[in-house]
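Taking it in order: structure first as structure tokens, then the write-up.
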Amino acid sequence: MAEAKWYVAHTYSGYENKVKADIEKTIANRHLEDQIFEVEVPTEDVTTIHDGSKREIKRKMLPGYVLVKMIMNDDTWYVVRNTRGVTGFVGPGSKPVPLTDEELEELGKPHKEVEIDLEVGDSVRITAGNFENSTGQVTLINNIDQTVTVNVDLFGRDTPVEVSFTDIEKV
């Protein structure tokens with residue numbers, strides 16, 4: 001199976017969030033969750049001062065562009081390229097070029113996925129956070145976000161808790 005990489009789709013300026021929503025809707029409708037993994041409009045938090053008052057706003061880092069993490073093939077290329085508001089991919093001609101590791105780091109996207117020696121059903125102990133020293137069973141492993149969902153006993157009921165890979169140890 002091919003590796004998923006980040007590609008940049010060019011959009012009409014101001015339509016980035018609409019394009020993101022349309023691509024995500026198409027992914028769900030066509031059941032492409034196993035080929036197109038993430039769609040993002042990179043933003044940064046900026047403090048602005050206007051008329052003496054401070055405001056926190058989210059500013060687009062790349063106006064007119066949307067990042068898509070996908071396995072490039074004819075189907076995924078067609079879906080993204082033919083989304084309303086998308087004018088094309090970044091790359092020579094019609095051949096999209098994936099972002100390099102350096103470019104991803106500049107955008108705050110870590111490329112390296114952490115491998116963890118866990119499987120669904122394993123027992124773990126949480127080593128940090130609100131549920132420190134709690135033990136539970138792994139129900140979901142998310143390699144992209146580097147988190148694990150653990151069912152811990154809380155007031156006599158199994159409660160799902162999302163924990164970072166670094167905050168658990170296998171029992």
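Fair warning: this is a prediction, and the values are worked out from it, not measured in the lab. Note that the numbering runs from 1 along the sequence shown for the chain.
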Are Phe37 and Ile27 packed together at the side-chain level, in the sense that at least one heavy-atom pair is separated by less than 4.5 angstrom? no
Counterpart residues, salt bridge (charged side-chain N to carboxylate O under 4.0 Å, His left out), relative to Asp167 (two or more places apart): none
dist Glu162:CD -> Thr139:OG1 (nearest 0.5 Å) comes out at 10.0 Å
Can you confirm whether Asn133 sits close enough to Arg125 that some side-chain heavy atom of one is under 4.5 Å from a side-chain heavy atom of the other? yes
Testing the 3.5 Å rule here: is there a donor-acceptor pair between the side chains of Thr76 and Asn73? yes
In short, salt bridge (Lys or Arg N to Asp or Glu O under 4.0 Å) pairs touching residues 150-159 with sequence neighbours left out are none
So does Glu119 have more than 12 non-hydrogen atoms from other groups sitting under 6.0 Å from CD? no
With the side chain counted from C-beta on, respond yes when Leu67 and Val8 share a heavy-atom pair under 4.5 Å apart, and no when they do not. yes
Taking all heavy atoms of Ala9 and all of Val86, pick out the closest pair and write down the distance. CB-CG1, 4.3 Å
Between Thr11 (side chain only) and Gly64 (backbone N and O only), is there a donor and an acceptor less than 3.5 Å apart? yes
In this structure, are over 12 heavy atoms from other groups packed under 6.0 Å from Lys25 atom NZ? no
In one Ile/Leu/Val/Met/Phe/Trp/Tyr side-chain cluster, 4.5 Å: Leu140, Val120: no
Any side-chain heavy atom of Trp6 within less than 4.5 Å of one from Leu104? yes
Listed once per pair and sorted, the salt bridge (Lys or Arg N to Asp or Glu O under 4.0 Å) pairs that draw on residues 70-93, sequence neighbours left out: none
Indicate the atoms forming the closest heavy-atom contact of Pro98 with Glu103, along with that distance. O-OE1, 4.4 Å
Contacts of Ser164 that satisfy side chain to side chain donor-acceptor pair (under 3.5 Å) - sequence neighbours left out: Thr166
May I ask you to test the Lys58-Asp45 pair for a side-chain heavy-atom distance under 4.5 Å? yes
State which residues pass salt bridge (charged side-chain N to carboxylate O under 4.0 Å, His left out) with Glu102; sequence neighbours excluded, sorted by chain then number. none
Decide yes or no for Ile36 and Thr26: does some side-chain heavy atom of the first lie under 4.5 Å from some side-chain heavy atom of the second? no
Contact check, side chains of Phe165 and Val148, non-hydrogen atoms, under 4.5 Å: yes
When you group the ILVMFWY residues by side-chain heavy-atom contacts below 4.5 Å and let the links chain together, are Tyr12 and Val79 in the same group? yes
Hydrophobic clusters here meaning ILVMFWY residues chained together by side-chain heavy-atom distances under 4.5 Å, can you tell me if Tyr78 and Tyr7 are in one? yes
In Å and rounded to the nearest 0.5 Å, what is the CD to CZ distance from Gln35 to Arg30? 11.5 Å
Residue pairs involving residues 11-21 (criterion salt bridge (Lys or Arg N to Asp or Glu O under 4.0 Å); sequence neighbours excluded): Glu16-Lys60, Lys18-Asp22, Lys20-Glu24
Quick check: His10 with Phe89 (ring centres under 6.0 Å apart)? no
Ignoring hydrogens, what is the shortest heavy-atom contact between Glu38 and Glu40? Give both atom names and the distance. OE1-OE2, 3.1 Å
Is Ser134 reaching over with its side chain to a backbone N or O of Ile126, donor-acceptor style, under 3.5 angstrom? no
Tell me the closest heavy-atom pair linking Pro160 and Asn151, and the distance in Å. CA-OD1, 3.4 Å
Taking everything shown except Asn130 itself, do over 12 heavy atoms lie less than 6.0 Å from its CG? no
Whether the side chain of Glu44 engages the backbone of Arg59 through a donor-acceptor N/O pair (distance < 3.5 Å, no angle test) should be reported. no
State the OG1-CD distance between Thr135 and Glu169, to the nearest 0.5 angstrom. 11.0 Å
Is any side-chain heavy atom of Val163 less than 4.5 Å from a side-chain heavy atom of Val124? no
If you group Ile, Leu, Val, Met, Phe, Trp and Tyr by side-chain heavy-atom gaps below 4.5 Å, do Leu62 and Val90 land in one group? yes
